Amino acid sequence: MRKFFFAFLVLLLVGIGLSLLLPKPQPSSQYLSQQTNYTISQDSLFAPLPMTEFLLITPTPNDVVFTLRLGLYSQLQQAVNAAESMDLSSKAFIVKVVDNNREWYLLLFNQHPTAEKAEQQKRVLENQKISATLMLLPKDLKMSKS
């Protein structure tokens, strides 16, 4: 019985020692939004917004806010990869939308009080070889200012 107890104790101590030598897990870069150049709308992941809320309408309401779409992707990882590859002056914003029963991920950039200001930003991006499309920003969608 004594040998069994001693062997058990040795194995336990060796197991603890080996577990202390294991590398510490690193958090996934997808969730380190403070260190990335994008933010993901967590609310939209669970309740995607209708794509129609982003489309330009005529006449444009007075209290509307504009944004620029830098891309439309079928998978979240594609949108993340695109955001990471762009050299932007502020964070991009990824939001999940639904259109004709298909889910998409919009890569949005900045919010502007007027279409003219958004068009100015669009020209700056085009000079950097980044294509952008003018869109409306739904009132209930708040983009991070970070």
Side-chain angles (χ1 to χ4, degrees), residues 7-146:
F8 176 75
L9 185 60
V10 168
L11 285 174
L12 180 66
L13 291 174
V14 168
I16 291 171
L18 288 175
S19 67
L20 292 175
L21 295 176
L22 290 173
K24 304 290 183 245
Q26 298 297 320
S28 169
S29 64
Q30 180 176 352
Y31 300 106
L32 293 176
S33 60
Q34 312 84 298
Q35 297 176 358
T36 60
N37 58 344
Y38 64 90
T39 302
I40 300 173
S41 168
Q42 297 298 318
D43 293 340
S44 74
L45 294 179
F46 298 106
L49 298 169
M51 179 68 145
T52 55
E53 291 188 22
F54 291 87
L55 302 178
L56 293 174
I57 55 174
T58 307
T60 307
N62 291 335
D63 58 345
V64 73
V65 176
F66 296 89
T67 188
L68 295 172
R69 184 185 77 202
L70 304 182
L72 173 71
Y73 304 94
S74 61
Q75 297 179 3
L76 177 60
Q77 192 58 49
Q78 292 171 325
V80 167
N81 292 344
E84 289 175 341
S85 71
M86 294 181 190
D87 185 24
L88 301 171
S89 58
S90 61
K91 284 188 176 189
F93 190 69
I94 300 171
V95 61
K96 187 176 184 179
V97 298
V98 65
D99 185 35
N100 293 330
N101 295 324
R102 291 219 37 213
E103 294 179 340
W104 300 97
Y105 297 88
L106 297 179
L107 180 59
L108 305 175
F109 185 65
N110 285 347
Q111 51 190 12
H112 305 277
T114 66
E116 292 77 22
K117 294 213 182 269
E119 288 292 342
Q120 288 174 353
Q121 177 78 63
K122 180 179 175 181
R123 285 190 290 280
V124 170
L125 290 171
E126 286 172 348
N127 288 338
Q128 297 173 345
K129 307 283 190 257
I130 299 173
S131 178
T133 303
L134 184 65
M135 299 192 89
L136 295 181
L137 186 65
K139 291 179 186 180
D140 55 341
L141 182 63
K142 301 295 179 219
M143 292 176 68
S144 168
K145 294 275 189 179
S146 311

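Note that the structure is predicted; figures quoted are calculated from it, not measured. Note that these values count all heavy atoms, side chains included, but never hydrogens, waters or copies made by symmetry.
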**Heavy-atom check, side chain of Met86 versus side chain of Leu125, under 4.5 Å** = no
**Prompt:** Just by modelled atom types, is the Leu88 backbone N or O under 3.5 Å from a matching donor or acceptor in the Asn37 side chain?
**Reply:** no
**Request:** Go through the steps to decide whether Tyr105 and Lys96 satisfy the test side chain to side chain contact (heavy atoms under 4.5 Å, CB included), and finish with yes or no.
**Result:** CA-CA 4 Å; Tyr105 297 88; Lys96 187 176 184 179; 3.5 Å; yes
**Request:** Look at the side chain of Glu53 and the backbone N and O of Pro50, then say whether any donor-acceptor pair between them is shorter than 3.5 Å.
**Result:** no
**Message:** What's the separation between atom CG in Leu141 and atom CG in Leu108, rounded to the nearest 0.5 Å?
**Reply:** 7.5 Å
**Prompt:** Of the non-hydrogen atoms in Ser41 and Phe93, which two are nearest, and what is the gap between them?
**Reply:** CB-CZ, 3.5 Å
Tell me which donor-acceptor pairs under 3.5 Å the side chains of residues 128-139 have, and how far apart each pair is, sequence neighbours excluded?
from	atom 1	to	atom 2	distance (Å)
Lys139	NZ	Asp63	OD1	3.4
Lys139	NZ	Asp63	OD2	2.6

**Message:** With a sphere of 6.0 Å drawn around CG of Asp87, does it hold more than 12 non-hydrogen atoms of other residues, nucleotides or ligands?
**Reply:** no
**Request:** Calculate, to the nearest 0.5 Å, the distance between atoms CD1 and CD belonging to Ile94 and Gln42 respectively.
**Result:** 10.0 Å
**Request:** May I have the step-by-step check of side chain to side chain contact (heavy atoms under 4.5 Å, CB included) for Ile57 and Val64, ending in yes or no?
**Result:** CA-CA 10 Å; Ile57 55 174; Val64 73; over 6 Å; no
**Side-chain heavy-atom pair Leu106, Leu49 within 4.5 angstrom cut-off** = no
**Prompt:** What's the spacing between Glu103 CD and Gln75 CD if we round to 0.5 Å?
**Reply:** 11.5 Å
Acceptor/donor pairs from residues 66-73 side chains to any protein atom, 3.5 angstrom cut, sequence neighbours excluded:
from	atom 1	to	atom 2	distance (Å)
Thr67	OG1	Phe109	O	3.4
Thr67	OG1	Asn110	O	2.6

